[in-house]
Amino acid sequence: MSSALPTRTSKTPAEGGDGRARTGAPPPGSARPGSVARRRARAGWFFASPALLVVAAVTVFPVLFSLVLSFCEVRLDYGGLRLGSPTLGHYEALLTHPEWYRALAFTLGFTVVSVFAELVLGTLVALVLERLGAARGWILALLLLPWALINVIAAQLWSYLFNGTYGAVGWLCEQLFGTQPDILGEPVPAMAAMVVVDVWKTTPFVAIVVLAGLMLIPGDVYEAAEIDGAGPWTTFWKVTLPQLRPIVAIAVLFRILQAFGIFDLPFVLTQGGPGTATQSVAILGYRILFQNLDFGGGAAVAVTTAVIVIGCCLLFLRVFRAHVDEEGRA
């Protein structure tokens, strides 16, 4: 006689308490991970869109508008700018004018000399600061004073020092050498003065960047070098400098971009003189655009300068990457 009681059936491990098979699918009503990521991405673009619009308005649009102006005949009348037919005349006039090459030569020379000097001095200052104790904060604050000054104010202060009549630098030269040179009135001293002022103002920036890189180097690297018998000079060239190379590359790129677009320093100190000895490409573009009201020619100067700067930065990055890859293979 069979029993009327139901028998308990055993559930397999793949089944849940309700007898349904367990699967990897999420429970009903839960969002998939991919959809959550897409929603977050859309929310991120939504909240970042105001900032992106501002960047496009103040960066992308002026660049594109300058590019259009450089390839068009531009006329100025009571209604504003009038764009004419396309032309390459602005670039032809620029590339055949000797004043452009003089301005380019001064800008390149100023960039190379000032960036190299700032890199060397900034690295030395950073090495000294790394070994300081409690006084590091005070010295950093003092170092930041030149860098915190507005460029125009710093240039005006140095113009008083370099003044040929009452300047302190001229008086000091007279006391030491018996003559008072006209520093800002002669080409070579004026160029040297530009480099001195820029190095004085921007070396603290390089020092802070390099100091940050030094603080990130692990101490066990130096301990291993000391165990291997490496001296201070060998440790610097074989350990410290390779570790600092990415930080130094960033500092050099920033300084190339800033130095190549130098405008306020020569404009305040010498107005690009004597003659055109200290006329940078930025001052040349300013004179063409605002003094001669040649909008197409000024835009051609801006576009050509931007292409040269981008090319120099890309070349620097390529050489830097190739050097790093070569060391990695070694």
Side-chain angles (χ1 to χ4, degrees), residues 22-72 74 80-83 86 90-91 111 115 144 147-148 150-151 202 204-218 243-264 281-282 285-286 289 295-296 298-325 328:
R22 293 177 179 173
T23 62
S30 62
R32 294 178 178 274
S35 62
V36 173
R38 285 193 295 270
R39 284 203 301 270
R40 290 180 178 177
R42 286 194 296 267
W45 281 107
F46 174 76
F47 287 112
S49 58
L52 295 177
L53 291 176
V54 172
V55 170
V58 302
T59 304
V60 178
F61 174 74
V63 170
L64 295 179
F65 188 60
S66 299
L67 189 62
V68 172
L69 289 178
S70 66
F71 284 103
C72 291
V74 184
L81 295 179
R82 294 289 184 266
L83 302 182
H90 301 306
Y91 290 98
T111 301
V115 171
L144 286 175
W147 187 43
I150 300 174
N151 290 342
T202 320
F205 166 76
V206 180
I208 292 173
V209 173
V210 175
L211 178 62
L214 288 172
M215 302 298 290
L216 294 176
I217 299 177
Q243 296 286 333
L244 286 178
R245 193 169 284 118
I247 300 295
V248 170
I250 294 175
V252 169
L253 282 179
F254 272 101
R255 286 302 303 133
I256 290 176
L257 293 174
Q258 293 174 346
F260 209 92
I262 189 69
F263 174 81
D264 38 21
V281 292
Y286 163 80
L289 180 60
F295 291 88
V301 172
V303 172
T304 307
T305 304
V307 171
I308 293 174
V309 172
I310 293 173
C312 292
C313 292
L314 292 178
L315 179 62
F316 174 78
L317 288 175
R318 184 172 182 178
V319 172
F320 170 75
R321 188 178 297 111
H323 188 72
V324 172
D325 293 341

Might you work through the side-chain contact (heavy atoms from CB on, under 4.5 Å) test for Val303 and Phe71, ending with a clear yes or no? CA-CA 10 Å; Val303 172; Phe71 284 103; 5.6 Å; no
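- Across every non-hydrogen atom of Ile256 and Val115, the tightest pair is N-CG2, 4.3 Å.
- For Leu253, the side chain to side chain contact (heavy atoms under 4.5 Å, CB included) test picks out Cys313, Phe316, Leu317, with sequence neighbours left out.
- Heavy-atom minimum distance, Ala56 versus Pro62: O-CD, 4.4 Å.
- No more than 12 heavy atoms of other residues, nucleotides or ligands lie within 6.0 Å of CD1 in Ile150, so this atom counts as exposed by the packing criterion.
- Between Phe47 and Pro50 the shortest heavy-atom distance is O-CD, 3.4 Å.
- Atom CZ of Phe254 is surrounded by 12 or fewer heavy atoms from other residues, nucleotides or ligands within 6.0 Å.
- Leu144 has its side chain within reach of Trp147: a pair of non-hydrogen atoms, C-beta onward, lies under 4.5 Å apart.
- In this structure, the side chains of Ile250 and Pro246 stay at 4.5 Å or more apart for every pair of heavy atoms.
- What you find for Leu69 and His90 is that their closest heavy atoms are O-CD2, 3.9 Å.
- The two residues Phe205 and Ala251 come nearest to each other via the heavy atoms CE2-O, 4.5 Å.
- Across all their heavy atoms, Ala299 and Ser66 have their closest contact at CB-O, 3.3 Å.
- Looking at Tyr91 and Thr304, their side chains never bring a donor and an acceptor atom within 3.5 Å of each other.
- For the pair Phe263 and Asn151, the minimum side-chain heavy-atom distance is 4.5 Å or more.
- Among pairs with a residue in residues 307-317, none fulfils salt bridge (Lys or Arg N to Asp or Glu O under 4.0 Å), at least two apart in sequence or across chains.
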